[in-house]
Amino acid sequence: MVPMPEQSPLYATHDVTNQPPPLAPYDASADVALLEGLRREGAGWAEDDVRALGLRAGDAEAQEWGELANRHEPELRTHDRYGNRVDEVDFHPSWHHLMRTAVAEGLAGTPWADDRPGAHVARTAGGLVWGHTEAGHGCPTSMTYAAVPALRAQPDLAKVYEPLLTSREYDPGLRVPTEKRGLLAGMGMTEKQGGSDVRTNTTVATPTDEPGVYTLRGHKWFTSAPMCDVFLVLAQAPGGLSCFLVPRVLPDGSRNTFRIQRLKDKLGNRSNASSEPEFDRTVAWLVGPEGRGVKTIIEMVNCTRLDCVMSSATLMRKTLVEAGHHARHRSAFGARLFDQPLMRNVLADLALESEAATTLTLRLAGAADRAVRGDEEERAFRRIATAVGKYWVTKRGPAFTAEALECLGGNGYVEDSGMPRHYREAPLLSIWEGSGNVNALDVLRALGREPGSAESLFGELALVRGADARLDATVASLKRELAAADQLSARRVVERMALALQASLLVRHAPPEVADAFCATRLGGDWGHAFGTLPPGTDLDTILDRALPA
C-alpha cells in the first residue's frame with residue numbers, strides 16, 4: 001500500500017477564508033429610520049416591544065423557521081384515507097411557529113381592539129422587523145388585519161367574529177369558528193375571466209329563506225391561505241356584485257363546501273398556500289348591502305395595500321442588511337468590500353431607497369391610524385398616498401433586491417444565502433392587490449372623483465415649501481402634469497408623486513445629507529439608471545453610518 005501523507009497545510013484544501021460569518025443573531029430593529037418613524041407617528045410607547053421582536057426576528061432559530069417554511073412547502077390533501085372530501089392544507093411546523101409569533105405579537109387583527117393612538121403604527125413597525133424572517137406568512141396576518149373594517153359593514157357579524165379576529169391566539173385547524181380562541185381571515189375576489197376586473201365575476205349568490213344567508217356557486221382564481229377560518233368573497237347577488245362572509249366550518253360543525261382544486265405553483269411566496277377554490281351551494285352571509293360589494297371590500301384592499309408597501313420596505317431593509325454584512329467581512333483586491341468607493345456608492349444608494357421606503361411606510365401607517373380615529377384630512381391623505389406608495393415602493397423592490405443580491409456576487413446567487421428567496425418574493429408585492437397599472441389608474445380615479453385627495457397630497461408637500469429648490473420645482477411641474485393627466489401618462493405622474501412625497505418626508509425628518517442625496521438623484525436628475533451612481537460629493541459616510549452602523 002502507498003502510505004498516506006501526514007496531514008499538513010499542503011493538503012488542507014478545505015480551509016474557509018475570506019467568507020463572512022453567519023449574520024444571525026442580529027437585531028432586525030436596529031434601523032434608525034424605523035425607530036424615528038415609530039416615535040414620530042405616535043407609537044413610541046411600542047418601542048420596547050418592537051426592539052424585542054427585532055431581536056427575536058434576527059435570532060438563528062427564527063431565521064431557520066423562515067428557511068424551512070419555504071423549503072418544505074404546503075401540501076394539499078383533498079380527501080382523507082376513506083375518500084371523504086376534506087380540502088386541507090398541511091404546513092411544516094416552522095410555518096406554525098412563525099404564525100404563532102406573528103399573531104401573539106399583534107401583527108394580525110389586534111390593533112382594531114387597541115384604543116391607544118398609534119396602535120396601527122405599532123403593528124406596521126412590528127411587521128417591518130418580523131418580516132426579516134420570511135414573507136409568506138404575512139399574507140394571512142395581513143388579510144386578517146384587513147378583514148375587520150370590512151366586516152364592520154355588517155354589525156351583527158362583526159359582533160360575533162371581530163373579538164376572535166383581533167385575538168392574539170393562533171389556533172390552527174378547521175373547527176367551528178366560534179369555538180376557537182382566535183381566527184384568521186382570507187379573501188377571494190379575483191376570478192379567471194376577469195382578474196382585477198372583479199365586476200365581471202361570475203360566482204352567483206342565491207338568497208335562501210333565511211335573511212342575510214345565501215348560497216354561492218362559482219370558482220375563484222387566487223385565494224391565498226385557504227386554511228383560514230373565514231373568507232370575505234365577492235359574488236353576483238340579485239342586486240349586483242356583493243360581499244359575503246364564507247366560513248370553512250358551519251355553526252353545526254359540518255364542513256362548508258370549499259373545494260380546493262389546486263395550489264398555485266408560484267414564482268415565490270412558496271411557504272404560503274394560494275389556491276383555487278370552487279363553491280357549490282356554499283353557505284355565505286351577506287356583508288353590507290347587495291350591490292355594494294366593491295365599496296364594502298375596498299377598505300380591506302386599502303389595508304392590504306399598505307401591507308404591500310410595508311413588505312416591500314421590509315425586503316429592502318433585509319437585503320440591505322445582508323449586503324452590508326457581506327461587504328464588511330469580504331475582501332477583494334487588498335481591501336474590504338465595504339471600504340471600496342464603488343461598493344460604498346452602491347450600498348449608500350440602496351440605503352437611500354430603503355430609508356425613503358421605510359419612512360413613507362410609517363407615514364402611511366400614521367395616516368391610517370389617525371383616519372380610524374376620525375381625522376378626515378388624514379383619511380383623504382391615506383386614500384391617495386397609499387395607492388401612490390403601493391405603486392412606487394413595490395415597483396422598486398425587484399430592482400433593489402437584485403442589486404443587493406449582486407453585492408454578494410456568486411454567493412448571493414446560491415439558495416442557501418437566502419437572497420434568491422427574497423428576490424423571488426419581491427415582484428409579488430407589485431402584483432398583489434392590483435398590479436402597477438391598476439394602482440396607477442386608481443390614483444387618477446381618486447384625483448378625479450375625490451378632489452380632497454389632491455388637496456391633501458399637496459398640503460403635505462407644502463409643509464416643506466422653500467426647503468429644497470429641486471423639490472419645489474418637482475411639485476410645481478407635478479401640478480401642471482396632473483391637470484393634463486390621462487391613462488397614457490398615469491405611471492409617469494404617479495411615479496413623480498411618489499418621489500415628491502418621499503423627498504418631502506426625508507427633507508422634514510432625515511439628516512440633511514440623506515435628504516440632499518435623495519433630492520439630487522431622484523428629483524434633480526444627477527443619477528444614472530442603476531443603483532451605485534450617486535454623484536461625486538455625496539456624503540456616503542453619513543448615509544452608511546446611519547443605515548449600517550458598525
Side-chain angles (χ1 to χ4, degrees), residues 74 76-91 95-96 99-100 102-104 108-110 112-113 137 139-188 203 205-217 220 223-233 235 243-260 273 275 277-288 300:
L76 172 62
R77 283 189 297 118
T78 56
H79 297 77
D80 67 14
R81 58 179 291 195
Y82 305 106
N84 300 305
R85 189 93 195 199
V86 293
D87 296 290
E88 296 200 12
V89 182
D90 296 327
F91 293 86
W95 168 270
H96 296 295
M99 286 294 303
R100 187 170 292 107
V103 173
T110 300
W112 300 105
H137 77 290
C139 177
T141 57
S142 177
M143 292 190 296
T144 302
Y145 169 69
V148 173
L151 192 60
R152 287 177 174 176
Q154 200 67 35
D156 57 331
L157 292 176
K159 182 179 180 180
V160 174
Y161 292 101
E162 186 171 327
L164 295 167
L165 292 168
T166 58
S167 168
R168 289 178 180 257
E169 292 275 353
Y170 174 59
D171 191 1
L174 294 179
R175 301 191 302 281
V176 176
T178 54
E179 296 177 1
K180 299 183 70 174
R181 301 186 304 274
L183 300 179
L184 296 174
M187 177 171 58
T203 296
T206 304
T208 68
D209 293 336
E210 185 177 351
V213 180
Y214 292 66
T215 59
L216 307 185
R217 191 170 193 275
K220 291 296 178 181
T223 300
S224 285
M227 290 308 291
C228 287
D229 301 286
V230 295
F231 293 81
L232 287 175
V233 306
C243 181
F244 296 90
L245 183 70
V246 175
R248 285 294 314 266
V249 180
L250 296 171
D252 64 3
S254 62
R255 294 285 182 94
N256 206 3
T257 305
F258 194 98
R259 297 185 185 129
I260 303 174
S275 68
E278 283 190 354
F279 303 143
D280 186 8
R281 292 174 292 179
T282 301
V283 177
W285 297 296
L286 182 67
V287 179
M300 187 174 189

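In this structure, the side chains of Leu286 and Phe244 come closer than 4.5 Å at one or more pairs of heavy atoms. Looking only at side-chain heavy atoms (C-beta outward), His96 and Pro172 come within less than 4.5 Å of each other. At least one side-chain heavy atom of Val213 sits under 4.5 Å from a side-chain heavy atom of Val283. Side chains of Asn84 and His79 form no contact here, defined as non-hydrogen atoms less than 4.5 Å apart. Side-chain contact check for Trp285 versus Pro247: some heavy-atom pair is nearer than 4.5 Å. Looking at heavy atoms from C-beta onward, Leu245 lies in side-chain contact with Tyr161 at the 4.5 angstrom threshold. Counting heavy atoms from C-beta outward, Arg85 and Asp87 have side chains that approach closer than 4.5 Å.
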Could you go through residues 223-233 and list every donor-acceptor pair under 3.5 Å that involves a side-chain atom there, pairing it with any protein atom two or more places apart or in another chain?
residue : atom : partner : partner atom : Å
Ser224  : OG   : Ser274  : OG           : 2.8
Asp229  : OD1  : Lys180  : NZ           : 2.5
Asp229  : OD2  : Leu184  : N            : 2.9

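The two residues Ser167 and Val103 make their nearest non-hydrogen contact at O-CG1, 3.7 Å. The nearest pair of heavy atoms linking Val89 to Pro74 is CG1-CB, 3.6 Å. The two residues Ala205 and Pro207 make their nearest non-hydrogen contact at O-CD, 3.9 Å. Closest non-hydrogen pair, Leu151 versus Ala158, comes out as O-CB, 3.8 Å. Looking at every heavy atom in both residues, Val246 comes nearest to Phe258 through CG1-CD1, 4.5 Å. Taking both residues in full, the closest heavy atoms of Met143 and Gly186 are given as CE-CA, 3.7 Å, listed atom of the first, atom of the second, then distance.
Note that the OG1 atom of Thr110 and the CD atom of Glu169 stand 10.5 Å from one another [nearest 0.5 Å]. Distance OG1/Thr208 to CZ/Arg281: 14.0 Å, rounded to 0.5 Å. Here CG of Asp80 is found 7.5 Å from OH of Tyr82. Values are rounded to the nearest 0.5 Å. Residue Glu88 holds its CD atom at 11.0 Å from OG1 of Thr78, rounded to the nearest 0.5 Å. The distance from the CZ atom of Phe279 to the OG1 atom of Thr215 is 12.0 Å, given to the nearest 0.5 Å. Atom-to-atom distance recorded for Ile260:CD1 and Glu278:CD is 11.5 Å, nearest 0.5 angstrom.
Within a 6.0 Å radius of CG in Asp209, other residues, nucleotides and ligands contribute 12 heavy atoms or fewer. At most 12 heavy atoms of other shown residues, nucleotides or ligands fall within 6.0 angstrom of atom CZ in Arg217.
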Assess whether side-chain contact (heavy atoms from CB on, under 4.5 Å) is satisfied between Thr282 and Arg259, documenting all intermediate values.
CA-CA 10 Å; Thr282 301; Arg259 297 185 185 129; over 6 Å; no
Any chance you could lay out the side-chain contact (heavy atoms from CB on, under 4.5 Å) test for Arg255 and Leu250, step after step, and finish with the verdict?
CA-CA 6 Å; Arg255 294 285 182 94; Leu250 296 171; over 6 Å; no
Should Thr144 and Leu183 be marked as a side-chain contact (heavy atoms from CB on, under 4.5 Å) after you check the CA-CA gap, both sets of side-chain angles, and the distance that decides it?
CA-CA 8 Å; Thr144 302; Leu183 300 179; over 6 Å; no
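Classified by interplanar angle (parallel below 30°, tilted 30° to 60°, perpendicular above 60°), the ring pair Trp95/His137 is perpendicular.
With sequence neighbours excluded, the residues satisfying side chain to side chain donor-acceptor pair (under 3.5 Å) with Arg152 are Glu162.
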